[in-house]
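Below, read A as the first sequence line, B as the second, and so on, with proteins coming before strands; counting in each chain starts at 1.
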There are 2 protein chains.
Amino acid sequence: MTNITDIAKKAGVSRTTVSRVLNNHPYVKPEKRDVVLQTIEDLNYVPNLNAINLSRGRTNIIGVIIPRINHPYFSSLIEGIGEQCHKYDYSLLVYQSHNNLSRELLFFDMLKNKQIDGIIIGSCTLQATALNEMSHFGNIVSCEYSDTSSIAQVFVKHEEGIHMAVDHLRDRGHQKIGLCIGNSRSGVGMSRKKAFFDLQNKHRFIWRDDWYYKDQYTIEDGFQIARNMLGQQERPTALVVGSDQVAAGILYELREQGVSVPGEFAIVGFDNQPISKIAELTTIYQPVQKVGNIAVDLLQKLALQKDVPHVTQLDLQLIKRNTT
Amino acid sequence: MTNITDIAKKAGVSRTTVSRVLNNHPYVKPEKRDVVLQTIEDLNYVPNLNAINLSRGRTNIIGVIIPRINHPYFSSLIEGIGEQCHKYDYSLLVYQSHNNLSRELLFFDMLKNKQIDGIIIGSCTLQATALNEMSHFGNIVSCEYSDTSSIAQVFVKHEEGIHMAVDHLRDRGHQKIGLCIGNSRSGVGMSRKKAFFDLQNKHRFIWRDDWYYKDQYTIEDGFQIARNMLGQQERPTALVVGSDQVAAGILYELREQGVSVPGEFAIVGFDNQPISKIAELTTIYQPVQKVGNIAVDLLQKLALQKDVPHVTQLDLQLIKRNTT
DNA sequence: GTGAAAGCGCTAACAT
DNA sequence: ATGTTAGCGCTTTCAC
């Protein structure tokens, strides 16, 4: 393996000069620069990033933690993060935690280990205190609401999304509205739940505890929810569902069972995923990619020691289709 | 920052001993080991991975290159890769190329740079010669057919998938069958195209060049294809579509325009993605996650200098639903 | 403009 | 069972 010393020898200069050429430093005589570049070419020299990383004390790698990648919300988020990483010349390390606590901790070790320069939390179940402690080891940005003082956050206005959905259903006359969310312990889940029940109290809707579904992620979960609902003594007339995929499953199974939507039952999804177009699902659009973009921007600013807003929130949009 | 030397001093041993404790080497007296571990605890010592990487000459990071993450096929693939990485203690670096050649080359530099130990090609447009050359710099496994001698490959039997789809349509009486695929320059695209036209020739189906659609990825692309087809003088009676998402779009728009499916027109998709369940799409299931799993297994074996099969192929399965 | 030399933090061959 | 020592390949002060 040819290294910087080989180049220096062959080119008849010092390693320092080679390093300068490599890093586009000024103060290198053009002729020498050319010789060095030529030698690099001749010897097929490739710098060793590990050495550079060790020497510089950073890696230009950003880590992102999510429960799992194969979910439209997280795919979009990662896509947004990935694009912005490319812009700043960061590499992107993706870590799937399955919301498993010990896995999450393992991931944060990479920050301590200096293997990654910063962390973007797509979703994570660690407590605020733990996160605050982690933030001593490097820059962290969260893409979900997080009850911490030390971590910059960017997310969509989840409360507003719930408001939009509930208000829309209320406008259409619904008074018995159920809620279905994904991970109930995540920042997103908690905000949504809180916003929903605040509205419940405010409007004094009718309510039954079995109208609340949590930890639902897939189409099949949706099938199950529909069947479950049909078995209930008293049923809601509408459902706010935190994921288009689950909403589509519910919709499908309800119609399968002869329930007319939106005639007898209304559904609002979240995300405006491709499936919502096919299912003609009323949904709340969330600029997820944009969240990813901004997360990287924040991390970059933090890396440059600049100040960043503690919380950045993005607007949502109701897309009315055929299920309300 | 506390390092191994600090620990050694404080614990009254040599750096080597500390290193041995850290790496669970035998031949360390239990008492010393305990002192070292205690000191590590006391000083909040965390090993620096960059130093380890430099010293060991590897990083335990695997890179995977895909056009974009936000596509069900690639999400599944990454999920499968990610899980297996976790098993072998690899980290996963995800690189979105957008099929852009210069981006692809940039990615392979990371292998040369020693920043990653191995590469999994999810999809990539580099020529065989280029890939063969790259393989000198580290282990590479491809998840698509690749015309190279030096790269281990694992993929589903794309030809068989096309066969299944076409035979199924033929069984149902279709003689005018169109084809719609994604990236036509990728390994998958090329295999599918070839298999399809081989069958065309064999069965002497009726054919028109405008029954071939390429570079189609989204639901909206599907809408467009449907409209385009309806405008054609002579239309096919069935379409084999390389992606469920596109197939769902076509289906939706056709029905929107009053075409009865499967009455007047038949559609077969690929992947058995969630959307195919909702759309009741006949589709070809591909064990994509499994492909990802195996890719990592192969890389791991290569890392251990073991022999691996040059080509591994996985079986597909026709899932008959309501569009054929 | 250029180079010598001292790190960066860890591993591993070798000696004891 | 433990320590000495020489790297791993690059960056960066500092002196000239």
- Message: Taking any heavy-atom pair under 4.0 Å as a contact, classify B/T16: base, sugar-phosphate, or nothing.
- Response: base
- Item | Rounded interatomic separation in angstrom, taking CZ from A/R56 and C1' from D/dC10 | 9 Å
- Query: Within the structure, does a side-chain N or O atom of A/K9 lie under 4.0 Å from either OP1 or OP2 of C/dG3?
  - Reply: no
- Length of the CG-C1' vector between A/N113 and C/dC10, whole Å: 13 Å
- Over how many whole Å does the gap from A/M1 atom CE to D/dG9 atom C1' extend? 8 Å
- Task: Sort out for me which residue in B/V141, B/V308, B/L314 forms a side chain to side chain contact (heavy atoms under 4.5 Å, CB included) with B/I294.
- Result: B/L314
- Note on the structure: Rounded to whole Å, the OH-C1' distance (B/Y27 to C/dC14) equals 16 Å
- Applied to residues 58-83 of chain A, the salt bridge (charged side-chain N to carboxylate O under 4.0 Å, His left out) test, sequence neighbours excluded, yields A/R68-B/E79, A/E79-B/R68, A/E83-B/R103
- Query: Which part of the nucleic acid does A/S19 contact within heavy-atom distance under 4.0 Å: base, sugar-phosphate only, or nothing?
  - Reply: base
- Under 4.0 Å between a side-chain N or O of A/K29 and OP1 or OP2 of C/dG3? no
- Query: What distance do A/Q84 atom CD and A/L298 atom CG have between them, rounded to the nearest 0.5 Å?
  - Reply: 10.5 Å
- Query: Rounded to the Å, how far apart are B/R58 CZ and C/dT11 P?
  - Reply: 11 Å
- Between the base of C/dG1 and the side chain of A/R33, is there any donor-acceptor pair under 3.5 Å? no
- Base, sugar-phosphate alone, or nothing: which one does B/V13 contact when heavy atoms must sit under 4.0 Å apart? sugar-phosphate
- Give me the one residue out of B/P72, B/S75, B/S76 that meets side chain to side chain contact (heavy atoms under 4.5 Å, CB included) with B/V288. B/S76
- Message: Please report the distance, rounded to the nearest Å, between CG in B/N53 and P in C/dG9.
- Response: 14 Å
- Item | For atom CZ of A/R20 and atom P of D/dT13, their distance in whole Å | 11 Å
- Query: Checking side chain to side chain contact (heavy atoms under 4.5 Å, CB included) against A/I151, which of A/N139, A/I140, A/I119 comes through?
  - Reply: A/I140
- Given C/dT11, is OP1 or OP2 found less than 4.0 Å from the side-chain N or O atoms of B/S55? no
- Message: Over all strands shown, is A/N23 touching base, sugar-phosphate only, or nothing at heavy-atom distances under 4.0 angstrom?
- Response: sugar-phosphate
- Message: Counting the atoms with a prime plus P, OP1 and OP2 as sugar-phosphate, which does B/P47 contact under 4.0 Å by heavy atoms, base, sugar-phosphate, or nothing?
- Response: sugar-phosphate
- Message: What's the angle between the local helix axes at either end of the helix from C/dG1-D/dC16 to C/dT16-D/dA1, using five pairs per end and rounding to 10 degrees?
- Response: 30°
- Expressed in angstrom and rounded to an integer, what is the separation of A/D6 atom CG from D/dC10 atom C1'? 13 Å
- Within less than 4.0 Å of OP1 or OP2 of D/dG3, is there a side-chain N or O belonging to B/T17? yes
- Message: Taking donor-acceptor contacts at under 3.5 Å, does the side chain of B/R15 reach the base of D/dT4?
- Response: no
- Query: Which part of the nucleic acid, if any, lies within contact of A/L54, taking any heavy atom under 4.0 Å across all strands shown: a base, the sugar-phosphate backbone alone, or nothing?
  - Reply: base
- Does B/N3 make a side-chain N or O approach to OP1 or OP2 of C/dG9 shorter than 4.0 Å? yes
- Residue closer to the 5' end of DNA chain C, B/A51 versus A/V28 (nearest nucleotide): A/V28
- Where is the tightest heavy-atom contact between A/I4 and A/Y45, given as atom of each residue plus distance? N-CE1, 3.8 Å
- Task: Please work out whether the ring planes of B/Y73 and B/H71 are parallel, tilted or perpendicular, with thresholds of 30° and 60°.
- Result: perpendicular
Only pairs under 3.5 Å count here: list side-chain donor-acceptor contacts from residues 36-43 of chain A, not counting sequence neighbours, and write none if there are none.
from: A/Q38; atom 1: NE2; to: A/D42; atom 2: OD1; distance (Å): 2.9
from: A/T39; atom 1: OG1; to: A/V35; atom 2: O; distance (Å): 2.7

- Message: Is there a side-chain contact between B/Y45 and the phosphate of C/dC10, meaning an N or O under 4.0 Å from OP1 or OP2?
- Response: yes
